[in-house]
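So the structure is just underneath, and the comments pick up after that.
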Amino acid sequence: MSTSQVLLLAFAGIGALAIISIISIAWRRGQDDETTEGRPDREASLRDRDIAADPDIGGEVETKDEEELVPADPVPIDPLKLRSEVDEETMGVTRRQFFNRGILGIFGLFLAQFGIASLAFMWPRLKSGGFGSKVSVGKIEDLRIAALTADGRAQPVFVSAAQAYVVPVQGSLAGSSFEGLPVVAGGMMALWQRCVHLGCRVPECESSQGFECPCHGSKYNFHGEYEDGPAPRNLDRFVVSLSDANELIIDTGAVIETSRSSVKTIEYPQGPSCI
Ligand code: FES
């Protein structure tokens with residue numbers, strides 16, 4: 001199952017849960033309203049009876065003396081004395097609690113979605129074979145054929161899974177800033193496509209036999225050595241090795257930076273520039 005499918009399923013699950021919760025809350029509130037509607041409130045009846053018997057709040061005292069049964073002037077009832085505290089349990093969910101819980105629910109939903117999105121973002125780094133891990137590129141013989149034209153000029157092979165150009169090593173690397181580093185296997189190197197200036201993708205230029213960045217004009221030869229522009233160093237490259245089956249393995253989790261060098265291992269430019 002792809003990352004986007006997992007993400008889609010997760011969002012659908014969260015959405016379904018949210019809808020079920022809302023329907024459940026609404027249904028329960030409806031039930032509460034139904035059960036209380038139309039029924040006499042026993043506490044209210046008792047309170048009315050107490051009021052009727054309490055002379056302090058306007059009630060009447062029962063008496064057996066018939067003379068005192070003469071109607072007296074009505075005494076106004078103090079509404080403040082009728083007030084009584086209602087505890088939260090009796091009251092149920094107040095409007096404020098309802099809104100607070102709603103806000104908390106929305107915030108929780110947002111956090112869950114953020115967490116899932118973060119996991120999805122990291123997913124390619126966790127699984128094997130993607131960028132950030134070792135990528136098998138294919139048989140070294142096939143790569144050598146693909147990376148050289150019939151007249152012997154270099155022709156970088158772009159490997160999207162590794163975000164890298166596989167280039168043939170032409171001549172000696174002696175004196176270069178990457179001499180002796182584990183960046184050559186089977187006569188091939190893997191250069192990261194990312195410009196070391198500000199990160200633009202650097203396209204190849206067949207005519208000049210180099211990589212030329214369209215963003216600010218940095219130029220590198222086909223060994224990724226700095227030639228021109230604001231780039232501070234050579235193109236970064238990955239550690240490479242050969243498998244038992246003679247396949248080129250690019251370790252995209254192992255990036256090697258090398259400094260500019262006055263010693264160039266390959267001629268550049270070999271023709272007109274592309275930018
Ligand atoms: S990003 Fe390539 S030269 Fe600036």
Side-chain angles (χ1 to χ4, degrees), residues 3 117-118 120-125 129-135 137-138 143-144 146-149 152-185 187-240 248-275:
T3 305
S118 302
F121 177 73
M122 289 189 296
W123 192 264
R125 293 177 182 275
F131 188 76
S133 63
K134 292 186 177 180
V135 177
V137 185
L143 286 170
R144 276 203 211 102
L148 285 169
T149 61
R153 285 164 69 87
Q155 184 175 253
V157 176
F158 182 66
V159 181
S160 57
Q163 299 181 16
Y165 291 104
V166 175
V167 294
V169 175
Q170 297 169 295
S172 167
L173 298 183
S176 73
S177 50
F178 39 86
E179 180 186 7
L181 297 174
V183 294
V184 181
M188 308 295 277
M189 287 192 290
L191 309 178
W192 197 356
Q193 64 166 1
R194 183 176 160 274
C195 182
V196 296
H197 178 222
L198 291 178
C200 290
R201 181 180 183 273
V202 191
E204 62 180 277
C205 177
E206 200 277 329
S207 57
S208 67
Q209 289 281 285
F211 299 100
E212 299 176 352
C213 183
C215 294
H216 311 100
S218 290
K219 296 176 180 174
Y220 316 84
N221 64 30
F222 268 170
H223 281 176
E225 291 168 310
Y226 169 85
E227 293 284 356
D228 197 9
R233 59 179 187 273
N234 298 329
L235 277 181
D236 293 337
R237 55 209 66 222
F238 299 112
V239 170
V240 289
L248 183 69
I249 307 294
I250 302 176
D251 187 351
T252 54
V255 180
I256 292 188
E257 297 179 0
T258 54
S259 57
R260 292 180 181 180
S261 172
S262 55
V263 178
K264 300 292 163 49
T265 57
I266 194 173
E267 186 187 342
Y268 175 89
Q270 298 180 29
S273 173
C274 294
I275 58 174

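Just follow the structure's listing: the first ligand is 1, and inside any ligand the first atom is 1. Throughout, residue positions are numbered sequentially from 1 according to the sequence presented. Note that these values count all heavy atoms, side chains included, but never hydrogens, waters or copies made by symmetry.
Taking backbone and side chain together, Cys215 holds no N, O or S atom under 2.8 Å from atom 4 (Fe) of ligand 1. Among the atoms of Cys195, an N, O or S atom falls under 2.8 Å from atom 2 (Fe) of ligand 1. At least one N/O/S atom of Cys213, from backbone or side chain, sits under 2.8 Å from atom 2 (Fe) of ligand 1.
Minimum-distance N/O/S atom of His197 relative to atom 4 (Fe) of ligand 1: ND1. Counting just the N/O/S atoms of His216, the one with the shortest distance to atom 4 (Fe) of ligand 1 is named ND1.
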Report task. Assess whether side chain to side chain donor-acceptor pair (under 3.5 Å) is satisfied between His223 and Thr265, documenting all intermediate values. Result -> CA-CA 8 Å; His223 281 176; Thr265 57; 2.7 Å; yes

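Among protein heavy atoms, atom 3 (S) of ligand 1 sits closest to Ser218 OG, 3.1 Å.
At a threshold of 4.5 Å between non-hydrogen side-chain atoms, the residues Leu248 and Val166 count as touching. Ser208 has its side chain out of reach of Pro272: every pair of non-hydrogen atoms, C-beta onward, lies at least 4.5 Å apart.
Residues Glu212 and Ser273 bring a donor and an acceptor atom of their side chains to less than 3.5 Å of each other.
Listed by number with element, the atoms of ligand 1 under 4.0 angstrom from any heavy atom of Cys200 are 1 (S).
For Tyr220 and Phe211, the distance between ring centers is not under 6.0 angstrom.
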